[in-house]
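Okay, structure first, notes after.
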Amino acid sequence: MLIRTHTCGQLRETDIGATVRLNGWVNSYRDHGRLLFIDVRDRFGVTQLVFDPDGGISAEQKVVADRLRNEDVVAIEGKVRRRESVNPKLATGVIEVLVTNLVVLSKTENPPFLPDDLDKLPAEEFRMAHRYIDLRRPAMQKMLATRHKLYQVTRRYFDENGFLEIETPILYKSTPEGAREFLVPSRHVPGTFYALPQSPQLFKQILMVAGCDRYMQICRCFRDEDPRADRQAEFTQIDLEMAFVRRDQVMEMMEGFVRRLWREMTGFEVPPMRRMPFREAMEDYGIDRPDTRYDLKIKDISEFAATVDFGVFKTALEKGKDRPRFNSKRGVVKAIRVPGGAEKLTRKLTDGYTEFVKGFGAGGVAVVKVVKGEDGSPKLDTGIAKFLEPRKAEFLALMGCEIGDTVLFVADVYAIATKCMGELRQKVARDMGVVPKPGAEGGPWNFLWVVDFPMFEKNKETGKWVAMHHPFTSPRDDQMQAFLDANEEDDDVIESIVSAGYDIVLNGQEIAGGSVRIHDRAVQSKVFKLLGLTPEQAKEKFSFLLEALSFGAPPHAGVAFGLDRLVMNFLGTDNIRDVIAFPKTLTGADLMTKAPSHVPANQLKDVHVASIIPPAAT
RNA sequence: GGGGCGGUAGCUCAAUUGGUUAGAGUACCGGACUGUCGAUCCGGUGGUUGCGGGUUCGAGUCCCGUCCGCCUCGCCA
């Protein structure tokens with residue numbers, strides 16, 4: 001074949017006169033009879049070829065050229081010359097190649113679709129089934145290049161900071177807490193199974209005990225739970241761990257990474273990141289990953305609401321009134337002041353909010369508008385105005401209301417009211433049009449740390465304690481003694497213990513999370529006990545960890561970044577499948593390879609597995 | 001597991017209340033054309049309306065079931 005001398009994005013004015021060879025795909029053809037133009041494409045760009053019987057191409061080859069169609073693969077030789085008319089859309093648009101020799105390397109069937117970004121894209125289902133064509137699109141090539149660059153910046157930064165890149169096993173021990181695991185049957189030991197790792201959490205801690213000091217890995221993780229637009233069952237993490245550090249050293253290292261990453265990927269200089277306690281996030285934003293690009297803060301007005309003669313408030317506030325503040329079952333009234341809402345939040349929208357919060361367990365949303373009265377002063381209107389009227393001045397002052405505002409209320413127990421308000425705040429922000437464009441489209445990049453998470457929370461169904469982050473997260477240093485001293489039966493104390501965990505939140509999205517780990521066997525044992533694991537169960541599941549911790553474990557801490565979400569941010573997409581070369585559907589199918597698939601009976605027999613699904617039914 | 005949206009030519013879409021032979025653009029095939037660049041012009045092929053039932057004189061359209069895709073709640077230590 002004619003091996004290329006240049007890529008299809010390379011030739012410039014300075015190459016005019018040179019004899020070159022190009023390889024690539026036919027991107028489009030424009031047949032003028034005697035004269036034929038072909039745009040040839042590779043991942044580097046597009047170059048125009050000209051086939052002219054007066055220009056050195058043989059009559060036989062011209063006939064072959066006339067038969068070229070989109071996505072045929074060709075090799076050509078020819079002479080670079082200046083175009084008669086420049087195409088400013090192409091980087092190579094000043095020149096063209098007058099072809100003297102053509103070899104068709106691969107003739108294509110009529111392709112199911114053409115890989116251009118100009119027309120409306122085919123259905124995603126179809127793009128995934130023919131991924132080899134979809135990935136030819138310039139936008140997808142850009143995605144692959146962006147991911148690649150992210151890998152390189154990541155490896156460079158952590159290498160410079162003394163991290164070792166170490167691979168950990170994919171065939172791993174089942175530790176069935178948290179997410180459902182993918183299982184792999186063992187051939188050697190009938191009836192036993194590996195699991196695919198939800199993350200390399202325990203291996204990286206073991207590596208710290210093993211004296212590796214600093215570890216990093218760009219690793220695949222597997223969680224057999226239902227995906228979402230921004231979630232795949234199989235996804236990639238930038239996984240890290242450091243020894244001989246506490247919280248601040250890790251956070252500093254991570255912040256440095258984020259700063260480097262954004263500088264190199266986007267040119268944006270990330271300012272010092274504020275640290276927001278979990279409690280503040282929940283109080284002001286109703287969520288542990290607040291989007292601080294817009295205000296619309298939530299206000300707890302329980303105290304004021306108690307003075308209002310409104311049944312819904314009174315009923316809510318009666319609930320769990322003897323419980324401590326922030327207790328999930330204590331009744332509260334929360335409000336959001338929406339500047340300009342009186343006009344924009346129509347009755348239809350606010351009625352919709354009631355339906356919306358019902359989905360999260362609340363009874364509804366109460367509404368009041370602040371309008372201009374006849375004397376020009378603020379007047380309460382619609383909704384629950386008549387109940388608030390007697391305490392109007394106090395209410396307006398409390399909420400800081402101005403004419404034109406709408407105030408939305410939810411009254412329920414703390415957990416529900418907080419969740420509803422957090423979700424409602426985001427919905428209202430969208431309805432009001434105050435959510436900025438994504439960072440990749442010129443909007444702000446808004447980073448913050450969320451810290452001081454509770455160590456434990458109660459599972460709603462079982463009533464048992466579960467680790468909020470994971471069971472290897474240490475209490476915050478100043479909480480350690482309180483944790484060791486705590487009576488396991490004392491829920492209020494257990495609930496109050498704060499962990500040494502930390503998340504990085506970007507524009508309301510968690511992009512990284514980590515914690516200082518427990519490096520003391522006694523502390524780890526106490527956590528397992530609180531989580532309801534007997535010493536025997538703990539040993540069965542985590543003996544290797546407990547042993548490791550008992551043979552000289554350095555203090556250590558780490559973090560994991562969601563790599564796919566980082567790429568989504570850099571490309572400005574909200575679809576995770578757009579940043580993965582070979583993604584899966586919501587049911588875990590690979591539409592190109594048709595995985596998962598049935599396997600022959602003998603293959604099942606080899607691994608000692610029998611299907612309970614009758615062959616006829618499948 | 002629950003809720004919602006969608007599935008019509010290779011692809012993107014249309015088809016009035018249930019009513020004639022299911023159309024258009026594009027791709028593809030044939031033809032014309034020496035400067036185009038999403039070439040243009042002329043002509044043509046192409047349909048199990050996802051699948052299976054049902055209602056009806058008549059179903060792309062209505063009903064039931066099912067499969068697939070997407071969005072979402074639960075779930076995701």
Side-chain angles (χ1 to χ4, degrees), chain A residues 27-40 46-55 66-67 69-71 81-90 92-93 96 98 108-130 133-134 175-181 198-199 201-202 221-233 235 355-356 358-361 419 423 453 455-457 459-461 464-473 499 501 510 513 515 527 531 560 562 574-577 583-589 591 594:
Chain A
N27 199 51
S28 66
Y29 60 95
R30 296 175 290 282
D31 187 350
H32 289 250
R34 268 180 79 73
L35 199 61
L36 170 67
F37 298 97
I38 300 257
D39 288 348
V40 64
V46 171
T47 300
Q48 173 166 290
L49 311 178
V50 188
F51 293 81
D52 184 342
D54 302 331
D66 285 340
R67 298 297 311 152
R69 291 296 178 267
N70 293 329
E71 302 309 308
R81 68 179 189 187
R82 186 179 302 276
R83 283 178 179 230
E84 289 191 13
S85 57
V86 168
N87 183 350
K89 289 184 203 165
L90 296 182
T92 60
E96 64 192 7
L98 181 65
T108 181
E109 299 286 317
N110 185 20
F113 62 98
L114 294 178
D116 62 52
D117 295 322
L118 302 166
D119 285 317
K120 197 174 177 201
L121 289 177
E124 196 179 3
E125 188 175 356
F126 203 68
R127 289 171 47 208
M128 286 195 280
H130 303 278
I133 291 176
D134 196 40
T175 56
E177 273 87 33
R180 188 180 300 113
E181 297 170 320
Q198 299 173 36
S199 84
Q201 179 61 34
L202 293 173
C221 302
F222 306 87
R223 295 177 190 175
D224 191 7
E225 300 289 351
D226 288 357
R228 284 286 188 284
D230 62 349
R231 237 164 53 188
Q232 284 260 299
F235 63 102
E355 289 311 305
F356 181 70
K358 276 180 180 169
F360 301 102
K419 168 84 174 164
E423 298 294 334
F453 295 89
M455 283 280 285
F456 305 100
E457 58 186 343
N459 181 300
K460 274 169 274 178
E461 285 153 27
K464 286 183 179 174
W465 289 114
V466 292
M468 192 158 195
H469 185 49
H470 57 53
F472 319 107
T473 299
S499 84
E510 184 195 325
S515 63
V527 170
L531 297 178
D574 50 14
N575 180 350
I576 195 170
R577 294 177 299 276
K584 291 183 173 61
T585 69
L586 291 179
T587 54
L591 297 177
K594 307 241 169 58

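Computed from a prediction, not measured in an experiment: that's the story for all the values here.
By the 5.5 angstrom centroid cut-off and the 30-degree plane limit, A:His32 is classified as not stacked against the base of B:rG35. Ring-to-base geometry does not place A:Phe113 in a stacked arrangement with B:rC11 (centre distance under 5.5 Å, plane angle under 30° required).
Rounded to an integer number of Å, the gap from CD of A:Glu124 to P of B:rC5 is 20 Å.
Between B:rC33 and A:Arg30, no contact under 4.0 Å exists linking OP1 or OP2 to a side-chain N or O. Between A:Tyr29 and the phosphate of B:rC28, there is a side-chain N or O to OP1/OP2 separation shorter than 4.0 Å. For B:rU72, the OP1/OP2 oxygens have no side-chain nitrogen or oxygen of A:Arg231 closer than 4.0 Å. The shortest distance between the side-chain N/O atoms of A:Arg223 and the OP1/OP2 oxygens of B:rC75 is not below 4.0 Å. Residue A:Ser28 places at least one side-chain N or O closer than 4.0 Å to OP1 or OP2 of B:rA39. Side-chain nitrogen and oxygen atoms of A:Thr585 include at least one within less than 4.0 Å of the OP1 or OP2 phosphate oxygen of B:rG69. An OP1 or OP2 oxygen of B:rC71 is reached within less than 4.0 angstrom by a side-chain nitrogen or oxygen of A:Arg577. At the phosphate of B:rG69, OP1 or OP2 sits under 4.0 Å from a side-chain N or O atom of A:Thr587. Distances shown here put a side-chain N or O of A:Lys120 below 4.0 Å from the OP1 or OP2 atom of B:rC13. Between A:Arg67 and the phosphate of B:rC28, there is no side-chain N or O to OP1/OP2 separation shorter than 4.0 Å.
With P as the reference atom, B:rG50 and B:rC13 are 14 Å apart, rounded to whole Å. A distance of about 31 Å separates the C1' atoms of B:rG18 and B:rU26, rounded to the whole Å. Of the P atoms belonging to B:rG4 and B:rA24, the separation is 36 Å, rounded to the nearest Å. Between the P atoms of B:rC37 and B:rC73, the separation comes to 48 Å (whole Å). Taking atom C1' in both B:rC71 and B:rC29, one finds a spacing of 40 Å when rounded to whole Å. Here, B:rG46 and B:rA27 have their C1' atoms 11 Å apart, quoted to the whole Å. For B:rG43 and B:rG53, the P atoms lie 41 Å apart once the distance is rounded to whole Å. Comparing the same atom, P, in B:rC68 and in B:rC63 gives a spacing of 22 Å after rounding to whole Å.
Side chains of A:Leu98 and A:Asp52 form a contact here, defined as non-hydrogen atoms less than 4.5 Å apart. Inter-residue side-chain proximity for A:Arg577 and A:Thr585 is flagged as unmet; no heavy-atom pair is nearer than 4.5 Å.
A donor-acceptor contact under 3.5 Å is not formed by the side chain of A:Glu84 with the base of B:rU36. Side chain A:Asn110 to base B:rC28: no donor-acceptor pair is found below 3.5 Å. With hydrogens and angles ignored, a donor-acceptor pair closer than 3.5 Å exists between the side chain of A:Arg228 and the base of B:rG74. Looking at A:Glu125, its side chain has no donor and acceptor atom pair within 3.5 Å of the base of B:rG6. Between the side chain of A:Arg180 and the base of B:rG1, no donor-acceptor pair under 3.5 Å is found.
For A:Arg69, taking side-chain heavy atoms from C-beta onward, the closest of the listed nucleotides B:rC29, B:rA27, B:rC75 is B:rC29.
In this structure, B:rU55 forms no base pair with any nucleotide, since neither Watson-Crick nor G-U wobble geometry is met with both distances under 3.5 Å. B:rU36 is unpaired under the Watson-Crick or G-U wobble criterion, no partner having all donor-acceptor distances under 3.5 Å. Of the nucleotides present, B:rG4 is the one that pairs with B:rC70 by Watson-Crick or G-U wobble criteria, both distances under 3.5 Å. Under the Watson-Crick or G-U wobble criterion, with both distances below 3.5 Å, B:rG25 is paired with B:rC11. With both pairing distances under 3.5 Å, B:rU61 is matched to nothing as a Watson-Crick or G-U wobble pair. Base pairing annotation: B:rU20 forms no Watson-Crick or G-U wobble pair, as no partner gives both donor-acceptor distances under 3.5 Å.
Taking for each of A:Asp230 and A:Arg34 the nucleotide of RNA chain B with the nearest heavy atom, the 5'-most of the two is the partner of A:Arg34. Both A:Gln198 and A:Asp574 lie close to RNA chain B; mapped to their nearest nucleotides by heavy-atom distance, the more 5′-ward contact belongs to A:Asp574.
Remark: side-chain polar atoms of A:Arg69 are not paired, donor with acceptor, to backbone N or O of A:Asn110 under 3.5 angstrom.
A donor atom on one side chain and an acceptor atom on the other are not found under 3.5 Å apart for A:Arg180 and A:Gln198.
Salt-bridge check for A:Glu124 with A:Arg127: failed, with every basic side-chain N at 4.0 Å or more from each acidic carboxylate O.
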Let's go through A:Phe113 and A:Phe126 carefully: what are the C-alpha distance in whole Å and the side-chain angles of both, what is the deciding distance for side chain to side chain contact (heavy atoms under 4.5 Å, CB included) to 0.1 Å, and is it a yes or a no? CA-CA 9 Å; A:Phe113 62 98; A:Phe126 203 68; 3.6 Å; yes
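At least one test fails for A:Arg223 against the ring of A:Phe235: distance under 6.0 Å to the centre or angle within 45° of the axis.
Annotation: A:Asp574, atom CG; neighbour count of heavy atoms from other residues, nucleotides and ligands within 6.0 Å does not exceed 12.
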